[in-house]
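Okay, so here's the structure we're looking at.
Naming: A, B, ... by sequence-line order, numbering from 1 per chain.
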Amino acid sequence: MLRVEGIRKSFDRFNALSGADLHVGSGKIVAVIGPNGAGKSTMFKIITGHLKPEGGRVLFGGEPISSLSPHEICRKGIGMAFQIVNIFSRMSVFENVQAAVLSRTRQAGNIFRAASKMAVGETMEILASVGLREKAGSIAGKLSYGDQKVLEIAIALSTSPRLLILDEPTAGMSSEEAAVCTGLIRRLTAEQGLTVLFCEHNIELVLSLSDEIMVLQGGKTIIQDCPEAVCKSPAVRDAYLGGAA
Amino acid sequence: MHPAIHLTLVSLIQQVLVGLGKTTTLFIVSSGLTLVLGVLRIPNISHGALYMVGAFLAYSITRMLGGGAAGFFASLLLAPLAVAFLSLLAERFLLSRLYERDHLMLLLFTFALALIFDDLVKIVWGSGYRSLPLPAMFQGSFSFLGLALPRYSLFLLCVGPLVAIGLWFLINRTKIGKISRAAAVHREMVGAVGINVGWVFAAVFMIGCFLAGLGGALVAPTQSISQGMDASIIIEAFLIVIMGGLGNVWGALLGSLIFGLTDSLGVLILPQFSIVFPYAAVIVVLLLRPSGLLKSAW
Amino acid sequence: MVAPSLSLAYRARSLLRLETLAFPTAAAVLFLLPLVLPEFYVYFAALVLVTGLFATSLNLVLGYGGMYQFHHAVFYGAGAYAFALMLAKAHAPLWPAFLFAPLVSAMLGLLIGAICVRLSKLYFGMLQLSLGSLVWAVVFRWYSFTGGGDGLHEIPLPDAISTTRGAYYLTAVVVLICMVLLYRIVNSPFGKIFQAIRDNPQRSEAIGVDIRLHQLKGEVLAAFFAGIAGALYVVVEGSVVPDMMFWTASMEVMVMCLLGGWYTFLGPLFGAAVILGLRTFAGIYTDHWPLILGIILMAVILFFPEGVLGLLLRRANSKMELSTETEPE
């Protein structure tokens, strides 16, 4: 479904990515791991169009997408939950999700109807599925950090993505919040059969959730394989786990 | 040579000279504006009012000192200094409280400053016109190869590069220039290494407004000094700043050249609508390079 | 404790009731005003309505859209000139002229918007300020067509609206309709997405919103309503001057939005009433209105950045939250 081939990107002479490859098959859950600064977030931002690669290509459903702008990529079916919480903090939880639903159903330009009566059922359904239904009326910026991260995922889900990208979904959460969030991701993927690409520092979560793991180090792909193979790979032990192994 | 062609050639050269003279004042005013915009990120719409204050002060100072060349030269220094002092008060007591606000608030706040400066000018100098004669040494023109070159335009042509060199020295060779260049890009960093950013900002703001006052003092003998002379210069300066790239002093120089020359040459083509040419130039530049000719400071 | 979703529904319903009441009340008050007010106040009320519509149209993009609309007065002026020229030079009947005005403004909005929306915030605002000044300069210089700096006076208006009261009633009806339309736009999906863009442009892109297109549409809509306000200005004043599209006029209308509160719908109208009232009142005693306005503006920015209505609304909201939380089951 998604194929990333040899992308390169540098910032001020620092090579963030120097030839990273990735393949995400339909219905698969793929994790990207690697040390801090390996280029994970940069790669995600290139996939979603927020950054332009200097080389290589990104294919989605066989179609090159790296020259498209973020909103076009979203409309192709890639939904993104950002690492740093990126919600509409002055709007209510309901409006956060509703905005995404309205955008997906191409109602964003409608000036004739009252928004408060539109897409209510679907929005509430999505909120219920992530457990935020009770908080629909709260201002998003006033939610707890864990709830904001969940709302972030809910917004990404509301675009009905064919591919959902999660950039460190549990980063910065307390262990209880992380457990709730992990359960949520697990349930969503099981119920809806989503194709998911995520990166995460929590190795247990990665091992238990993913069908495949891609290891990124120094801006290069070392290996992409099933979790067992990745764990056994000597290259990964040398490069990533290092002395710890 | 055919007289008609000769006439157009002569007027062309003279218009270029006039344009370069205008370029000088435009550059001086807009470099101050772009400096403040680049380092402090304040779109200072009161810059034009300070320019007007500079012109009125130059008028009073020259008259007080007898109206001769000495008075004129003294006013070129004293009027901008007084403007700089005024701006220091505004920065320390008012603007420095607002650095974290968004640009819209800063714009409106400096608009409030402009309103107050405008009214102070009205209170001090009344609402009539003032005019200041050029010192005798700058009256008339040099004849050169059959061309009449206005002396004052030539003087302005000397002042412009001096200011440019001074600014280059200030930005590249002084501590304050280095800090402010760093502050333009990484605001928090400069504060973090223990430099008192507040005073650097105050100094940059003062220098920027000094240039507004200097611009005003330089044009004082060439046009009627009046209420409302601030309203058009500020728009021109903004145009030049966005054309050159926000915060880039050399961009301001380039922008001033384009603006001054298209303005003065436009007169030859379509006198009534000569004002359209510099605007058209800006639109063309920005369609080709949306963020200005040279690299913006941020 | 009431369940939050319930109290939300309750609050929405009470708001709805408020909305349905607001319209007939406003209509009745606007209709009755001229019957009790002396002539000058009727004229003043008409001017407040016109300026209020102008400020509300600005607030659509500035407050709700978060766009740096630094030179909105150009669209106001364009509407006024289009209307005045149609009547005075083309001798067109009233209604075609009245429809022509907002269309000209909207076209200008499309043109200026198309150039500006490619740029980010401050660049957008400064370029708009410059382009708007160009339009002003052309109007100011084109003496034979626009009357130059003198403007156009004694615009031939039909008898029915050439009296103060007649002008007032036309203004009141049109402004009321436009305010209802603007209110609906603000609360439509378009308006909600606009607010989403203001709140977080990056997120908006990532949910598939074409920000530039959306902003361009907003710009055209705002220009359209500013054009209607401009035409009404001619109805009320009987004349048009280039000063109404000078950049200082744009600053003043931004001050109205700020003073009233730009996150509120009625704030700009309220701000327009306050500023016009103060100016008229101050004009009786002093000619230092700019000084007074400058000081008021500074005080608002320093102490009430949300504006007067914004402040009141926040107070009321926090009280309402308190009361719903303490409501017994």
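Residue contact with chain B, scored on non-hydrogen atoms closer than 4.5 Å, involves the backbone and the side chain of C:I301 alike. Using a 4.5 Å cut-off between heavy atoms, C:F140 makes no contact with chain B at all. Proximity to chain C involves both the backbone and the side chain of B:L287, based on heavy atoms less than 4.5 angstrom apart. Using a 4.5 Å cut-off between heavy atoms, C:W136 makes no contact with chain B at all. With a threshold of 4.5 angstrom between heavy atoms, B:L98 approaches chain C through side-chain atoms but not through N, CA, C or O.
Among B:D119, B:L239, B:D102, the residue making the largest number of heavy-atom pairs under 4.5 Å with chain C is B:D119. With respect to chain C, the highest number of heavy-atom pairs below 4.5 Å among B:S232, B:G292, B:A231, B:P278 belongs to B:A231. The most heavy-atom pairs under 4.5 Å with chain C, out of B:R97, B:R101, B:K122, come from B:R101. Top candidate by heavy-atom pairs under 4.5 Å with chain B, chosen from C:I115, C:L127, C:T248, is C:L127. Of the listed residues B:L107, B:L113, B:V241, the one with more heavy-atom pairs under 4.5 angstrom with chain C than any other is B:L107.
The side chain to side chain contact (heavy atoms under 4.5 Å, CB included) test applied to B:L35 returns B:L167, B:I171, B:V204, B:I207, B:V249, not counting sequence neighbours.
Taking 4.5 Å as the heavy-atom cut-off, the residues of residues 279-300 of chain C that approach chain B are C:D287, C:H288, C:P290, C:L291, C:L293, C:G294, C:I295, C:L297, C:M298, ordered by number.
In this structure, the side chain of B:Q15 does not engage the main chain of B:L265 through any donor-acceptor pair within 3.5 Å.
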